[in-house]
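To start, the structure itself, in structure tokens.
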Amino acid sequence: MSLYKRKDSSVWWVKLSHKGRRLQESTGTSDKRKAQEFHDKRKSELWEQERLGVKPSHMWEEAVLRYLDESGHKASIKDDKLHLRWLQKHLESSDLASINRDVVDRLTRIAKAERVSNATVNRRLAVLRAILRRAAFDWEWMDRCPKVRLLPEAKGRVRFLTPPEAQRLLKELPEHLRAMAGFSLCTGLRQANVKGLKWSQVDMERGFAWVAAHEAKAGKGIAVPLNADALKVLRSVEGKHADYVFTYQGKPIRQVGTKAWRGALKRAEIENFRWHDLRHTWASWHVQSGTPTYALQELGGWASTEMVRRYAHLSANHLANYAERFAQNAPLPFADSGYVLATVPSG
């Protein structure tokens with residue numbers, strides 16, 4: 001008989017054969033009539049796969065698990081998991097073949113209704129798109145992949161503190177966050193790299209720290225020179241934990257955007273500021289101090305100069321010599337004609 005029950009279960013199971021193999025699957029029900037319907041449906045599906053070449057159906061959860069298994073090396077995998085938790089609420093138990101353009105557009109509308117930024121919506125959609133593309137092109141689980149349209153995003157936001165603002169913020173932060181924030185302002189390291197920094201990555205004698213390639217967002221190792229202020233921060237937390245540099249109550253710090261962080265911002269009278277803006281502040285101070293673009297790119301571990309150029313407008317000192325040289329060696333053709341440019345103030 002194709003339907004049967006196991007000794008320790010009230011649920012019906014089915015026995016089927018497919019391509020010479022015997023399959024045993026749970027129907028998930030103790031109702032014999034529903035179990036028979038499940039059996040007939042699965043038998044039909046297997047026949048279509050074997051005789052007509054129809055692709056077997058796969059659930060959203062299957063795709064997520066395989067994606068996570070293949071993407072564990074990604075530096076952004078933690079962010080992917082956050083977005084997948086949101087997607088799971090809306091795609092739970094969905095057949096991959098049912099996730100079409102209408103479903104994608106519906107998810108976009110739901111996300112926008114939550115009044116999150118376009119960037120956040122796009123990160124969710126990007127993870128969905130990555131999974132659907134793998135299911136279609138790599139795993140061959142789908143015949144086609146629906147197009148996923150991303151929303152327009154504002155150009156890179158650059159919010160940075162002045163030195164007096166930074167001092168006010170550090171003064172208001174609790175000790176464990178003050179150390180992390182101070183180190184971030186000295187080195188420009190991303191939040192994840194500061195939270196996960198271990199003493200084995202630090203050489204205080206030589207004044208260097210390093211981030212391995214698999215821990216860096218750009219996938220390239222970062223050598224981090226430690227200035228006097230950075231070393232001072234490290235000495236203040238030395239000996240508090242055997243492995244991790246920055247800890248709270250004997251454990252590695254997992255969250256920084258806490259009530260303590262928000263309270264410190266409020267007391268310091270600083271608005272519209274996120275933890276990642278500490279990195280913007282570090283980069284902005286470098287540019288204002290005359291650090292060249294190529295050096296800042298290497299210090300910050302950016303993969304391209306495009307990200308670094310967001311800070312170029314903060315200092316034009318490196319262009320002043322070129323402008324002056326142009327004025328001396330290539331005078332305007334009407335300079336001696338008595339013509340006065342309207343934009344040049346007289347006197």
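Numbers for residues simply follow the sequence, beginning at 1.
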Handout entry: Arg190/Glu215 under salt bridge (charged side-chain N to carboxylate O under 4.0 Å, His left out): CA gap, chis, key distance, verdict
Key = CA-CA 10 Å; Arg190 293 181 175 87; Glu215 296 174 329; over 6 Å; no
Identify whether Leu128 and Tyr67 are in the same connected component of the hydrophobic contact network (ILVMFWY, side-chain heavy atoms under 4.5 Å). yes
- prompt: Any link between Ile131 and Leu82 through a network of hydrophobic side chains (Ile, Leu, Val, Met, Phe, Trp, Tyr) touching at under 4.5 Å?
  reply: no
Notebook entry, point to check: side chain to side chain contact (heavy atoms under 4.5 Å, CB included) between Val127 and Leu84: does it pass, once the steps are laid out?
Noted result: CA-CA 7 Å; Val127 175; Leu84 284 169; 3.7 Å; yes
Check your understanding: Within the distance-only criterion (no hydrogens, no angle test), does the side chain of Arg235 pair as donor or acceptor with the backbone N or O of Met204 below 3.5 angstrom?
Key -> no
Original post:
Are the side chain of Arg310 and the backbone of Met307 linked by a donor-acceptor contact shorter than 3.5 Å?
Top reply: yes
Below 4.5 Å, heavy atoms only, C-beta onward: do Leu91 and Val103 meet side chain to side chain?
yes
_Salt bridge present between Lys240 and Glu175 (N-O < 4.0 angstrom)_ = yes
Hey, are the side chains of Met142 and Leu132 touching, using non-hydrogen atoms and a 4.5 Å cut-off?
yes
Give a yes or no on whether a salt bridge exists between Asp102 and Arg106, defined as a side-chain N under 4.0 angstrom from a carboxylate O.
-> no
- Donor-acceptor contact below 3.5 Å, side chain Asp277 vs main chain His280: no
Quiz item: Do side-chain atoms of Glu172 reach the backbone of Ala268 as a donor and acceptor pair under 3.5 angstrom?
Solution: no
Exercise for review: List the steps and the verdict of side chain to side chain contact (heavy atoms under 4.5 Å, CB included) for Asn193 and Val224.
Suggested key: CA-CA 11 Å; Asn193 297 134; Val224 185; over 6 Å; no
### Query
Do the side chains of Thr108 and Lys112 get nearer than 4.5 Å, heavy atoms only?
yes
Scanning both residues in full, the closest heavy-atom pair of Arg168 with Ile270 reads NH2-CG1, 4.2 Å
In this structure, CG of Leu169 is separated from CD of Glu269 (nearest 0.5 Å) by 12.5 Å
Looking only at heavy atoms, the pair that brings Trp12 and Ser30 closest together is NE1-O, 3.2 Å
Review point. Charged N to carboxylate O under 4.0 angstrom, Glu114 versus Arg124?
Key: yes
Check your understanding: Is there a donor-acceptor contact under 3.5 Å from the side chain of Ser98 to the main chain of Asp95?
Key -> yes
Task: Validation row: Arg134, Ser71 side chains within 4.5 angstrom (heavy atoms) - done: yes
Query raised in the report: Hey, are the side chains of Arg66 and Trp141 touching, using non-hydrogen atoms and a 4.5 Å cut-off?
Result: yes
Check: Glu61 and Val64 side chains under 4.5 Å, non-hydrogen atoms: no
Take a 6.0 Å sphere around NZ of Lys171 and say whether it holds more than 12 heavy atoms from other residues, nucleotides or ligands. no
One should read off an interatomic distance between Leu150 CG and Asn122 CG, to the nearest 0.5 angstrom, of 4.5 Å
Rounded to the nearest 0.5 angstrom, the CE-OG1 distance for Met180 and Thr247 is 10.5 Å
Rounded to the nearest 0.5 Å, the CG atom of Leu185 sits from the CG atom of Asp229 at a distance of 10.0 Å
Given the options Val308, Thr281, Leu299, His286 meets side chain to side chain contact (heavy atoms under 4.5 Å, CB included) only with Leu299
### Crowding at CZ, Phe246 (>12 non-hydrogen neighbours, <6.0 Å)
yes
Subject >> Close side-chain approach of Pro174 and Tyr248, heavy atoms under 4.5 Å >> reply: no
task: Taking atom types as modelled, find out whether Gln36 and Lys32 have a side-chain donor-acceptor pair closer than 3.5 angstrom.
output: no
Fill in: Ile99 reachable from Ile110 in the ILVMFWY side-chain graph, under 4.5 Å edges
yes
Residues Ala111 and Val121: closest non-hydrogen pair is CB-CG2, 3.8 Å
**Prompt:** In the single-linkage hydrophobic clustering (I, L, V, M, F, W, Y; side-chain heavy atoms under 4.5 Å), do Val194 and Phe160 co-cluster?
**Reply:** no
Are Leu189 and Trp282 close enough, and set up right, to give a side chain to side chain contact (heavy atoms under 4.5 Å, CB included), and what steps lead you there?
CA-CA 9 Å; Leu189 282 178; Trp282 167 84; over 6 Å; no
| message | Can you confirm whether Lys217 is buried at NZ, in the sense that more than 12 heavy atoms of other residues, nucleotides or ligands lie under 6.0 Å from that atom? | response | no
Margin query: For Gly257, is there any backbone N or O sitting under 3.5 Å from a side-chain donor or acceptor partner on Trp275?
Written below: no
| said: Check whether Asn118 reaches the backbone of Leu151 with its side chain - one donor and one acceptor, N or O, closer than 3.5 Å. | reply: no
ask   = Donor-acceptor pair, Ser94 side chain versus Leu96 backbone, under 3.5 Å?
value = no
Output for pair (Phe183 CZ, Leu226 CG), nearest 0.5 Å, gives 5.5 Å
Subject >> side chain to side chain contact (heavy atoms under 4.5 Å, CB included) assessment of Arg254 paired with Lys195 >> reply: CA-CA 7 Å; Arg254 302 302 183 192; Lys195 288 192 298 187; 5.6 Å; no
Does NZ or CZ of Lys15 fall inside the cone over Tyr4's six-membered ring, less than 6.0 Å from its centre and within 45° of the axis? yes
- Query: Are Leu125 and Val116 linked, directly or through other ILVMFWY residues, by side chains that come within less than 4.5 angstrom of each other?
  - Reply: yes
Smallest heavy-atom separation, Ile77 atom then Leu68 atom, equals CD1-CD2, 3.9 Å
Discussion item. As a quick check of understanding, evaluate salt bridge (charged side-chain N to carboxylate O under 4.0 Å, His left out) for Asp105 and Arg101, giving each step before the final call.
Written reply: CA-CA 6 Å; Asp105 289 344; Arg101 179 67 175 272; 3.6 Å; yes
| field | Phe273 backbone acceptor or donor facing Arg159 side chain under 3.5 Å | value | no
**Asked** Is a side-chain N or O of Trp199 found less than 3.5 angstrom from the main chain of Tyr244, in a donor-acceptor match?
**Response** yes
The residue among His90, Glu92, Gln88 that forms side chain to side chain donor-acceptor pair (under 3.5 Å) with Trp60 is Gln88
Decide, yes or no, whether a salt bridge links Arg33 with Glu37 under the criterion of side-chain N to carboxylate O below 4.0 Å.
-> yes
dist Trp86:CH2 -> Leu107:CG (nearest 0.5 Å) comes out at 5.0 Å
Note to self: Do Gln255 and Trp261 pair up side chain to side chain, a donor and an acceptor below 3.5 Å, judged on atom types alone?
What the structure shows: no
ask   = For Lys78, does the NZ atom have more than 12 heavy-atom neighbours from other residues, nucleotides or ligands under 6.0 Å away?
value = no
| field | Heavy atoms from other residues, nucleotides or ligands near CD of Glu298 exceed 12 (cutoff 6.0 Å) | value | no
Looking only at heavy atoms, the pair that brings Tyr311 and Ser284 closest together is CD2-OG, 3.6 Å
Quiz item: Strictly by modelled atom types, are Trp139 and Glu70 linked by a side-chain donor-acceptor pair under 3.5 Å?
Solution: yes
Here the pair of heavy atoms bringing Ile222 nearest to Ala216 is CD1-CB, 4.1 Å
